[in-house]
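Worksheet for the structure shown next.
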Amino acid sequence: GNSVTQMEGPVTLSEEAFLTINCTYTATGYPSLFWYVQYPGEGLQLLLKATKADDKGSNKGFEATYRKETTSFHLEKGSVQVSDSAVYFCALNLQNTGNQFYFGTGTSLTVIP
Amino acid sequence: DGGITQSPKYLFRKEGQNVTLSCEQNLNHDAMYWYRQDPGQGLRLIYYSQIVNDFQKGDIAEGYSVSREKKESFPLTVTSAQKNPTAFYLCASSIDGRASTEAFFGQGTRLTVV
């Protein structure tokens, strides 16, 4: 089946620390991969995406590389800020499933000054 | 401004009542989705629609119903058959059926059964 597995949180980091949130996937086909961010009480916002193997998505200092050989899409940021505190969701989309999105369980990040 | 509007933001329902959550988009997107989010959990797909007058059940459709009579609207009804309806509900849309297209989300409706 199709699924996304994220590292469990919560994650607490000091400002300017390096961030990695692991994401691996299982898919019956060639998915597109996404990272979304959710701030308290709000909907999800697209952070970045990659649509084929070896693509790197990047936005606001965050990066993730589509690794087909390890079925992974780990999110990284070199220096986190307090404003990055949120819940991060990894997701995949497969056209052969009627354009369904599959989401991970989310990883809560808190950045302390 | 283009986007997805969910209303109301907060909704209270008595047990045994049906309630309808509104979702409207002016992005001219073909596909629309409803997800349920429980505390500390990911998003679970309730229903999705690829085109007007057509929709499919997701993973947790029991106790819910939808309609897609207009491209821009995809209301969700939480029926009395839904045993545990208290949750945060998110509506989303995407431009078409290509896997590369991202989903755009509304701000959510928090439903509480009292």
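In what follows, chains carry the letters A, B, and so on, assigned in the order in which the sequence lines appear, proteins first and then strands, with residues in each chain numbered from 1.
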Checklist entry - Does any heavy atom of chain B fall under 4.5 Å from the side chain of Leu44(A), the backbone, both, or neither of them? => result both
Count the heavy atoms belonging to other residues, nucleotides or ligands that lie under 6.0 Å from [atom1] of [X], then report whether that count exceeds 12.
X: Glu69(A); atom1: CD; result: yes
X: Glu42(A); atom1: CD; result: yes
X: Lys68(A); atom1: NZ; result: no
X: Ile51(B); atom1: CD1; result: no

Next on the checklist: Using 0.5 Å steps for rounding, measure from the CD atom of Glu102(B) to the CG atom of Leu48(A).
Outcome noted: 11.0 Å
Checklist entry - Which distance, rounded to the nearest 0.5 Å, do you find between the CD of Gln37(B) and the CZ of Phe103(A)? => result 9.5 Å
Item to check | Least distance between heavy atoms, Thr101(B) atom then Lys49(A) atom | outcome: CA-NZ, 4.4 Å
Checklist entry - Is any side-chain heavy atom of Gln38(A) closer than 4.5 Å to a side-chain heavy atom of Phe88(B)? => result yes
Checklist entry - With a 6.0 Å cut-off on ring centres, are Tyr35(B) and Phe101(A) close enough? => result no
Item to check | Shared hydrophobic cluster, Leu21(B) / Leu90(B) (ILVMFWY, side-chain heavy atoms < 4.5 Å) | outcome: no
Checklist entry - Among the clusters formed by ILVMFWY side chains lying less than 4.5 Å apart, do Val11(A) and Leu75(A) turn up in the same one? => result yes
Next on the checklist: Has Tyr36(A) got a side-chain atom pairing as donor or acceptor with Ala103(B)'s backbone, closer than 3.5 angstrom?
Outcome noted: yes
